[in-house]
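Since the structure comes first, as structure tokens, the remarks are kept for the end.
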Amino acid sequence: MTQPVAAVIVAHRSGSYLPGCLAALDGKVEQAVVIENTPGESPDPGLQDRFPWVDWINNDSNRGFAAAANQGISATSAPNILLLNPDCELRSGLAELVAECDAVGVAGAGGLLEGFDGSAQVGFFARSLPTPTTLIFEVLGVNRAWRRNPVNRHYRLLDLRLDVACDVEQPAGALLLLRRDALAAVGGLDERFHPAWFEDVDLCKRLRDAGLRLRYNPVAVARHVGGHAVATLPLQARLLAWYGGLLRYAEKHFSGGWYRCVRCAVLVGLVSRTLFSLARVGSFQAARAYWNSARIVRSGFASLS
């Protein structure tokens, strides 16, 4: 008998995506909760009428993804929790992911994410956990300029067989089924990752450190837009959120020496991006955002403990 699943969907300026997400989810879970994390924005009554099986929580502030996800998890009771982004539309059932989680020692499982053009989101839906070198290559732009370098190939699993189920270190949090008892064992998501980014990476790291496995199963498929909420933020807010999450992860999981190396690389990368933006016509605002972010990192922004 398949174990029940409760879906937890954290929404932030997601109104245009929720109808498709919920319509595709209908009949595939026993319970669903949407946590509206946009201050001053209440659920659309028409949407609530269309999906009466969904519970709605309306926060009066943006609590961040991790805190809102924990809030949704606490509001449900099923033994399996599906973390699902509002810009994801399931194209399959969840039986394969549930079956993966039934295996001994497995904490959770993710599936195959595709863009709306049908192409697999390789490098996103499953990754290895980042090492200090990975993050240094990321913030210096090496992985973008030389996509198939050995570090990035390992990190983004660029050689992964898309059609074969296997263990992976980091299934994407956009579509991630987790056992409730495994989540409880590691204390849920770390709410200090705010507003978003790296909270799911941290969770996967802690689950693996607890001796639990994570799986990828390509039979579970969803269409995924990606980045819809962060795209609405000003550039500097996006920079501070991403670099803040990255540095918190580095400070939490790497030695002090490696953490300082990553932080120095962040500063070098931001200054380089400032200079590059200044050299481009019409990019003064971007240059100012990069430079201000570098100043904030240098002045103690990264003292996150």
Side-chain angles (χ1 to χ4, degrees), residues 1-12 14 18 21-22 24-37 51 53-57 59 63-90 92-113 125-126 168-191 193 196 198-217 219-222 224:
M1 180 178 176
T2 302
Q3 293 289 319
V5 176
V8 172
I9 302 167
V10 177
H12 181 71
S14 307
L18 275 172
C21 174
L22 295 175
L25 188 64
D26 196 357
K28 297 174 182 175
V29 295
E30 283 68 29
Q31 186 179 7
V33 58
V34 173
I35 304 92
E36 178 53 71
N37 235 9
F51 303 105
W53 48 274
V54 177
D55 296 321
W56 303 81
I57 297 174
N59 288 334
R63 298 187 59 188
F65 177 86
N70 286 338
Q71 185 181 7
I73 292 165
S74 297
T76 63
S77 57
N80 294 305
I81 304 295
L82 177 68
L83 296 181
L84 184 67
N85 278 8
D87 59 353
C88 267
E89 294 184 8
L90 278 172
S92 69
L94 296 168
E96 285 75 18
L97 296 187
V98 173
E100 294 282 6
C101 291
D102 285 343
V104 175
V106 174
L112 176 63
L113 295 177
F125 65 79
V168 293
E169 293 181 348
Q170 186 201 149
L175 171 67
L176 182 57
L177 188 81
L178 294 159
R179 288 191 355 240
R180 182 181 294 274
D181 59 350
L183 276 168
V186 298
L189 285 88
D190 186 342
E191 299 182 7
F193 289 87
F198 284 89
E199 67 287 311
D200 55 339
V201 188
D202 169 73
L203 175 63
C204 291
K205 168 69 172 166
R206 289 185 288 119
L207 288 168
R208 287 184 56 82
D209 286 349
L212 297 166
R213 295 157 49 213
L214 294 161
R215 297 278 294 168
Y216 158 69
N217 192 310
V219 178
V221 181
H224 176 238

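Keep in mind it's a predicted model, so treat the numbers as computed, not measured.
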Using a 3.5 Å distance criterion without hydrogens, assess whether the side chain of [X] forms a donor-acceptor pair with backbone atoms of [Y].
| X | Y | answer |
| --- | --- | --- |
| R180 | T76 | yes |
| R179 | V106 | yes |
| R215 | P171 | no |
| E30 | V5 | yes |
| S14 | H12 | yes |

Steps toward side chain to side chain contact (heavy atoms under 4.5 Å, CB included) verdict (N59, Q71): CA-CA 10 Å; N59 288 334; Q71 185 181 7; 2.9 Å; yes
So, do N80 and L97 sit near enough that their side-chain heavy atoms are less than 4.5 Å apart? no
For the residue pair P4 and Q31, establish whether any side-chain heavy-atom pair is separated by less than 4.5 Å. no
Which atom names give the shortest non-hydrogen contact between [X] and [Y], and what distance separates them?
| X | Y | value |
| --- | --- | --- |
| A68 | N37 | CB-ND2, 3.5 Å |
| G108 | C101 | CA-SG, 3.5 Å |
| K28 | L90 | NZ-O, 3.5 Å |
| E36 | A11 | OE2-O, 3.5 Å |
| F125 | Y216 | CE1-CE1, 3.5 Å |
| L189 | N70 | O-ND2, 2.8 Å |

Can you measure from [atom1] ([X]) to [atom2] ([Y]) and round to the nearest 0.5 angstrom?
| X | Y | atom1 | atom2 | answer |
| --- | --- | --- | --- | --- |
| L94 | L25 | CG | CG | 7.0 Å |
| E100 | L214 | CD | CG | 11.0 Å |
| L113 | C88 | CG | SG | 5.0 Å |
| I57 | I9 | CD1 | CD1 | 12.0 Å |
| D87 | C21 | CG | SG | 8.0 Å |
| L176 | Q170 | CG | CD | 10.0 Å |

Residue pair N217, E96: steps toward the side chain to side chain donor-acceptor pair (under 3.5 Å) verdict: CA-CA 7 Å; N217 192 310; E96 285 75 18; over 6 Å; no
Using the side chain to side chain contact (heavy atoms under 4.5 Å, CB included) rule, take D200 and F65 through it: C-alpha gap first, then chi angles, then the decisive distance, then the call. CA-CA 10 Å; D200 55 339; F65 177 86; 5.7 Å; no
Step-by-step side chain to side chain contact (heavy atoms under 4.5 Å, CB included) determination, L175 to H224: CA-CA 9 Å; L175 171 67; H224 176 238; over 6 Å; no
With W53, which residues qualify under side chain to side chain donor-acceptor pair (under 3.5 Å), at least two apart? D26
